[in-house]
Amino acid sequence: VLLGHFGYLFQDDPQRVLVVGLASGISAGSATLYGTPQVDILEIEPAVVTASHFFDHVNRRPLEQPGVRMVVNDARNHLYLTDDRYDIIVNQPSNPWISGVSNLYTREYFELCRSRMTDNGVFVQWMQLYGMGEEDLRSILRTLRTAFPHIILFSSIEEADIVMVASAQPLEFDLDRIDRILATPRPSADLARIGIRTAEDMLTYYLMDDVDIADIEGDAPLNTDDNM
């Protein structure tokens, strides 16, 4: 749920949103609740699109929402071919050590995403901490900053998952914007089901920003297509 909302905390009026990875459709469903004119959902496996309907009772039925385009394709292939520029990209592939999705965590992929975003676009990256070595996490943080120098780190599931919200422009919390989101019926109801009813509830997920992240990443090796 949080993955679908985080980008909107830093964007007033996004026109195009891209969600990479459908899975059960919950994150995609949350991302479609703002009336955004275009929400593209990328999924490489057609069977996952079919299976996502088993979760229609909890995923807000994203494939039926106005403005949604379901694209069955590889993420990098889509980004190479599209002329669209996205205000928000939500990137939620599986674990970075799994063959077939590992190239969605490299410098080249992050730079490709940046090239397909608006100047103040917001990139939202899910990261699974379980099974991750400290050096691997440091490497991905440093690699992400090569394309998006400004990052805010959130904890979504304590000691299991984090979310990196990144941009080429500085990111600042706008409490008025969060309050407006929480006063809007559909996003508000979605966030309430995970216990977020006030701006302060949202801020409890905050971990650190650019300064602390720079200290953590240090001189970790870059994660690249040639050296994953």
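V124 and L79 fall into different hydrophobic clusters, where Ile, Leu, Val, Met, Phe, Trp and Tyr are joined by side-chain heavy atoms under 4.5 Å apart, directly or via other members. Side-chain heavy atoms closer than 4.5 Å link hydrophobic residues (I, L, V, M, F, W, Y) into clusters, and following such links, possibly through other members, connects L137 to L144. L3 and V122 end up in the same hydrophobic cluster when Ile, Leu, Val, Met, Phe, Trp and Tyr side chains are linked at under 4.5 Å. Neither L222 nor M228 shares a network with the other; the hydrophobic side chains, linked directly or stepwise wherever heavy atoms of I, L, V, M, F, W or Y lie under 4.5 Å apart, form separate groups for each. I162 and V1 fall into different hydrophobic clusters, where Ile, Leu, Val, Met, Phe, Trp and Tyr are joined by side-chain heavy atoms under 4.5 Å apart, directly or via other members.
L2 approaches M202 most closely through the heavy-atom pair CD2-SD, 4.2 Å. Closest of all the heavy-atom pairs between S102 and P96 is CB-O, 3.1 Å. Across all their heavy atoms, L22 and V49 have their closest contact at CD2-CA, 3.7 Å. Closest heavy-atom contact between D161 and W126: OD2-NE1, 3.0 Å. Pairing each heavy atom of I41 with each of M70, the nearest pair is O-CE, 3.3 Å. Residues R186 and Q65 come closest through the heavy atom pair NH2-OE1, 3.0 Å.
At least one side-chain heavy atom of V20 sits less than 4.5 Å from a side-chain heavy atom of L18. The closest side-chain heavy-atom distance from Y8 to P14 is below 4.5 Å. When side chains are defined from C-beta on, D87 does not count as touching D13, because their heavy atoms never get closer than 4.5 Å. Y86 is not listed as a side-chain neighbour of V17, based on a closest heavy-atom distance of 4.5 Å or more. R114 is not listed as a side-chain neighbour of F110, based on a closest heavy-atom distance of 4.5 Å or more. No side-chain heavy atom of F123 sits under 4.5 Å from any side-chain heavy atom of V90. Side-chain contact between T198 and I178 is absent, with no heavy atoms from C-beta onward closer than 4.5 Å. No side-chain heavy atom of I88 sits under 4.5 Å from any side-chain heavy atom of T36.
Under the side-chain hydrogen bond (donor to acceptor under 3.5 Å, both in side chains) criterion, D190 pairs with H5, S30, R60, R193, sequence neighbours left out.
Taking CD of Q15 as the reference point, atom OG1 of T118 lies at 10.0 Å (rounded to 0.5 Å). Atom CZ of R177 and atom CG of L9 lie 8.0 Å apart (nearest 0.5 Å). Here the straight-line distance linking atom CG of L129 with atom OG of S155 works out to 8.0 Å at 0.5 Å rounding.
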Inset, instruction - Assess whether side-chain contact (heavy atoms from CB on, under 4.5 Å) is satisfied between L171 and I151, documenting all intermediate values. - result: CA-CA 7 Å; L171 294 166; I151 303 176; 5.9 Å; no
**Item:** Stepwise side-chain contact (heavy atoms from CB on, under 4.5 Å) check, V101 with I44
**Value:** CA-CA 10 Å; V101 296; I44 195 171; over 6 Å; no
Quick one: do M127 and M132 satisfy side-chain contact (heavy atoms from CB on, under 4.5 Å)? Show the steps, please. CA-CA 9 Å; M127 177 60 59; M132 286 278 289; 3.8 Å; yes
* Passes side-chain contact (heavy atoms from CB on, under 4.5 Å), M117 versus F148? Steps please. -> CA-CA 11 Å; M117 298 180 73; F148 301 99; 3.7 Å; yes
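Screening residues 206-215 for side-chain hydrogen bond (donor to acceptor under 3.5 Å, both in side chains) gives H150-D210 as the qualifying pairs, with residues at least two apart or on separate chains. Pairs passing the side-chain hydrogen bond (donor to acceptor under 3.5 Å, both in side chains) check and including a residue from residues 166-176, sequence neighbours excluded, do not occur.
A salt bridge does not link R116 with D84: none of the charged nitrogens is closer than 4.0 Å to a carboxylate oxygen. Between D119 and R85, no side-chain nitrogen of the basic residue sits less than 4.0 Å from a carboxylate oxygen of the acidic one, so the salt-bridge criterion is not met. E135 and R138 are joined by a salt bridge, as a carboxylate oxygen and a charged side-chain nitrogen come within less than 4.0 angstrom of each other. Classification of D40 and R69 as a salt-bridged pair holds, one side-chain N sitting under 4.0 Å from a carboxylate O.
Applying the side chain to side chain donor-acceptor pair (under 3.5 Å) test between Y109 and each of D225, N223, N91, T224 identifies N91 as the sole match.
The ring of F154 has its center closer than 6.0 angstrom to the ring center of F6.
For E45 (side chain) and A47 (main-chain N/O), a donor-acceptor pair under 3.5 Å exists by modelled atom type.
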